[in-house]
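Below, read A as the first sequence line, B as the second, and so on, with proteins coming before strands; counting in each chain starts at 1. Just so it is clear, the values below take in all heavy atoms, side chains as well, and ignore hydrogens, waters and symmetry mates.
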Amino acid sequence: MAESLINNLPGTRDLLPEELAGWHIVEDRARHIFRQYGFLEIRTPIIEPTELFARGIGEDTDIVGKEMYTFLDRSDRSVTLRPEATASVVRAYIQNTMYRGSGTTKLYYLGPMFRYEKKQKGRWRQFYQIGVEAFGSDHPALDAEIIEMALRLMDSLEVKAKLLINSVGCKKCRPLYTENLRQALQSEFGSLCDDCRRRANTNSLRVFDCKIERCQPVIGKLPVIADNLCSECSGHFKSVQKYLDDAGIPYEIATRLVRGLDYYVRTAFEIVSGDLGAQNALLGGGRYDGLSEVIGGPPVQAIGFALGLDRLTMVLPEQQRESGIWKPDLFIVYKGDAAFTKAMHIAREMRHLRQTCYMDFSAGSLKSQMRLANRMDAAHVLIVGEEELARDSYTIKRMDDSRQWVVSLPELAQYLQSCSTSGNSR
RNA sequence: GUGAGCGUAGCUCAGCGGGUAGAGCUCUGGAUUGUGGCUCCAGCGGCCGGGGGUUCAAAUCCCCUCGCUCACCCCA
């Protein structure tokens, strides 16, 4: 477009009311379900010292290496727009000494994240996540409970998705495994693609992400991490599976599932959709028992997940989205100046009675006001004209079946309250 | 950062073997002087992303640029 002033930055976007209908459904449902499991909201700053993310997420990750919105503020302090929230929540947990006392601390958050990446379907530079973090336990039942909660949210939104789980080991057994992997890859070096040759040396776990045909035979024969766990991790992983089985939760063990953030240990999981193209992860999470110490806190066991609101709303069934669309219970149309004043009075009264009531001040003819009411899908229209004014009783019309009749104002109030039990408010 | 495709009315797009723009939907008004949805009629609405070049003539051909989209990488 010609004028640059009326264009948003690449990878950002405006979320308009119509689209937000689906977002609100997701957010409301998430808050409700999270509360059922005892998760309470936390809000942390969107901007943090760069070092928090660099250390917390890992210097070698893509996020830290090339995707952060980092800049110097006016006092030359390096700050970064959060690329994810886990590091922030852990920081807040430590800073506010929430680890004091017993029991598990369960928190959830919701808000925008920023990563400087190239725009793609389901991927933005400013994107939104809802996430949860549970601190203070490494009990495998907690892993299973969190996964169950994530799936319950999907179910309640009628989103079809698949659960993938894996264990990525711990500080003790993962280095041994990755070394094995590296050696196995070296012996097959000749039959690997260029990318995999690079990965073999830098980040051997990543070869499992390769989609190149010629690498598949090699990848298929590589040792699997689940078979190379230490006894503690192996036991933990088996327990998680047992709890999932007990809950009747179907899952797929994805031996190639390795998450891109350094802090994950043991349980790693993803929920993926078949309707999203290349960026198909709706939700990703895992255990990060060592993260607190990495950023200078006490040892804290923890697990959490983040779900992508942008992606989830993309696969939200139309019916769910529609349930969030605003519509007035009552649309008041008027004709003439005296009627206009009266209509305003009526609107005020009905709103006192908690009705959703709409009038339009720009519309002209009755007809155009009616048309607006129809387009907004108003349940009822109240007609205030000269005749109605004269006898102080008004015509109410049901828009779905076109029935209309005359009511006094008390009758109107009573009628509206009787049919607004099936709550519609937003 | 790399590659491919695409930028024409508010939206979805046609027009692209050069000759100064079209459809559907939307919107406004009318048929129905105080009543929506359906139908019919009329109207509003475009520096054809921006800049340069070729030509008598460019939405159409060439170059550059900006933007969008999808994919790679990686992730939500």
Side-chain angles (χ1 to χ4, degrees), chain A residues 1-4 6-11 13 18 57 60-67 82-86 110-131 150 161 193-196 198-199 202-203 205-206 209-212 257-261 270-273 276-285 304-315 331 333-336 339 362-389 394-404:
Chain A
M1 295 286 133
E3 298 96 324
S4 60
I6 53 167
N7 282 111
N8 56 328
L9 288 168
R13 63 190 166 143
E18 194 183 358
I57 298 170
D60 295 332
T61 60
D62 277 19
I63 292 179
V64 174
K66 57 181 192 187
E67 295 173 1
R82 64 182 185 193
E84 54 107 46
T86 298
L110 142 58
M113 309 292 160
F114 304 83
R115 290 182 201 172
Y116 195 90
E117 296 185 272
K118 198 128 178 188
K119 173 73 177 83
Q120 210 174 310
K121 183 181 173 72
R123 200 177 72 186
W124 286 267
R125 287 182 174 178
Q126 177 175 339
F127 59 104
Y128 296 81
Q129 290 186 332
I130 298 185
C193 71
D194 290 346
D195 279 340
C196 284
R198 182 173 47 77
R199 292 179 185 123
T202 57
N203 197 344
L205 284 173
R206 287 250 92 85
D209 286 341
C210 186
K211 282 137 197 151
I212 307 282
L257 172 60
V258 279
R259 317 220 68 253
L261 295 80
E270 260 180 30
I271 293 179
V272 298
S273 164
L276 270 176
Q279 313 300 325
N280 67 349
L282 287 175
L283 177 152
F305 69 71
L307 88 77
L309 271 173
D310 312 78
R311 291 180 188 175
L312 185 56
T313 53
M314 285 205 295
V315 297
F331 191 114
V333 303
Y334 52 87
K335 173 126 201 273
S362 67
S365 63
L366 255 199
K367 187 196 198 68
S368 63
Q369 293 179 64
M370 288 295 292
R371 214 176 353 228
L372 237 189
N374 185 60
R375 209 181 320 132
M376 287 186 169
D377 204 15
H380 303 91
V381 166
L382 188 76
I383 300 168
V384 182
E386 275 125 25
E387 291 169 29
E388 285 82 359
L389 212 52
Y394 305 85
T395 306
I396 185 166
K397 178 167 188 170
R398 278 177 60 129
M399 296 300 274
D400 56 355
D401 60 10
S402 295
R403 286 196 297 126
Q404 65 179 54

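- Between Lys335(A) and the phosphate of rG34(B), there is a side-chain N or O to OP1/OP2 separation shorter than 4.0 Å.
- Distances were taken from every side-chain heavy atom of Pro10(A) (C-beta onward) to each of rC68(B), rG29(B), rG34(B); the shortest belongs to rC68(B).
- Base contact: Asp400(A) has a heavy atom under 4.0 Å from a base atom.
- For rG52(B) and rU12(B), the P atoms lie 28 Å apart once the distance is rounded to whole Å.
- In this structure, Gly122(A) reaches the bases: a heavy-atom distance under 4.0 Å links it to at least one base atom across the strands shown.
- Across all strands, Glu388(A) comes closer than 4.0 Å to base atoms (heavy-atom distances).
- Side-chain proximity of Lys118(A) to the nucleotides rC73(B), rC72(B), rA76(B) is greatest for rC72(B).
- One cannot find a donor-acceptor pair under 3.5 Å joining the base of rU35(B) and the side-chain atoms of Gln369(A).
- Each of rA71(B), rC27(B), rU35(B) was ranked by its minimum atom distance to the side chain of Arg375(A); first place goes to rC27(B).
- Within the 4.0 Å cut-off from OP1 or OP2 of rC70(B), not a single side-chain nitrogen or oxygen of Gln120(A) is found.
- For rG1(B), neither phosphate oxygen OP1 nor OP2 lies less than 4.0 angstrom from any side-chain nitrogen or oxygen of Lys66(A).
- A gap of 9 Å separates the C1' atoms of rU2(B) and rC73(B), to the nearest Å.
- Taking atom C1' in both rA23(B) and rC48(B), the straight-line distance is 15 Å, to the nearest Å.
- Using the Watson-Crick or G-U wobble rule with both distances under 3.5 Å, rG45(B) pairs with nothing in any strand shown.
- Between Tyr116(A) and Gln404(A), it is Tyr116(A) whose nearest contact on RNA chain B lies nearer the 5' terminus.
- Across every strand in view, rU69(B) sits in a pair with rA4(B) that passes the Watson-Crick or G-U test at under 3.5 angstrom.
- The residue Ala281(A) sits close only to the backbone: its heavy atoms come under 4.0 Å of sugar-phosphate atoms, none of a base.
- At the phosphate of rC73(B), neither OP1 nor OP2 sits under 4.0 Å from any side-chain N or O atom of Arg123(A).
- If you check distances only, the side chain of Lys397(A) does reach the base of rU35(B) with a donor-acceptor pair under 3.5 Å.
- Looking at heavy-atom distances under 4.0 Å, Leu282(A) makes contact with sugar-phosphate atoms alone, never a base.
- By the stacking rule of 5.5 Å between ring centres and under 30° between planes, Phe127(A) stacks on the base of rA76(B).
- The separation of rA31(B) from rG19(B), taken at their C1' atoms, amounts to 41 Å, rounded to a whole angstrom.
- Under the Watson-Crick or G-U wobble criterion, with both distances below 3.5 Å, rA14(B) has no partner in any strand shown.
- Within the 4.5 Å cutoff, the side chain of Arg311(A) has no heavy atoms near those of the Phe127(A) side chain.
- Remark: the Ser365(A) side chain and the rG34(B) base include no donor-acceptor N/O pair separated by less than 3.5 Å.
- Under the Watson-Crick or G-U wobble criterion, with both distances below 3.5 Å, rU60(B) is left unpaired in every strand shown.
- If you take atom C1' in rG17(B) and the same atom in rC13(B), they sit 22 Å apart, rounded to whole Å.
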side-chain contact (heavy atoms from CB on, under 4.5 Å) between Tyr116(A) and Lys66(A), intermediate numbers included: CA-CA 7 Å; Tyr116(A) 195 90; Lys66(A) 57 181 192 187; over 6 Å; no
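- Rounded to the nearest Å, the gap between the P atom of rC44(B) and that of rU39(B) is 22 Å.
- Contact annotation: Arg371(A) side-chain N/O to rG29(B) OP1/OP2 distance is under 4.0 Å.
- Of all nucleotides present, none satisfies the Watson-Crick or G-U wobble test against rC38(B) with each distance under 3.5 Å.
- Summarising the geometry, the separation between CG on Asn7(A) and C1' on rG7(B) is reported as 13 Å, rounded to the nearest angstrom.
- In this structure, CE of Met370(A) is placed 15 Å from P of rG29(B), rounded to the nearest angstrom.
- Spacing of C1' atoms, rG45(B) relative to rC68(B), comes out at 24 Å, to the nearest Å.
- Note: CG (Leu372(A)) to C1' (rG37(B)) measures 14 Å, nearest angstrom.
- rC63(B) and rU54(B) are spaced 11 Å apart, taking the C1' atom of each and rounding to whole Å.
- Distance Ile383(A) CD1 to rG34(B) C1': 8 Å, rounded to the nearest Å.
- Lys367(A) comes within contact range of at least one nucleobase, with a heavy-atom separation under 4.0 Å.
- Taking 3.5 Å as the limit, the base of rG1(B) and the side chain of Glu67(A) contain no donor-acceptor pair of atoms between them.
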May I have the list of side-chain donor-acceptor pairs in residues 378-387 of chain A shorter than 3.5 Å, sequence neighbours left out?
{"residue": "His380(A)", "atom": "ND1", "partner": "Asp329(A)", "partner atom": "O", "Å": "3.3"}
{"residue": "His380(A)", "atom": "NE2", "partner": "Tyr415(A)", "partner atom": "OH", "Å": "2.9"}

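- Using a 4.0 Å heavy-atom cutoff across all strands shown, Leu283(A) reaches sugar-phosphate atoms only and no base atom.
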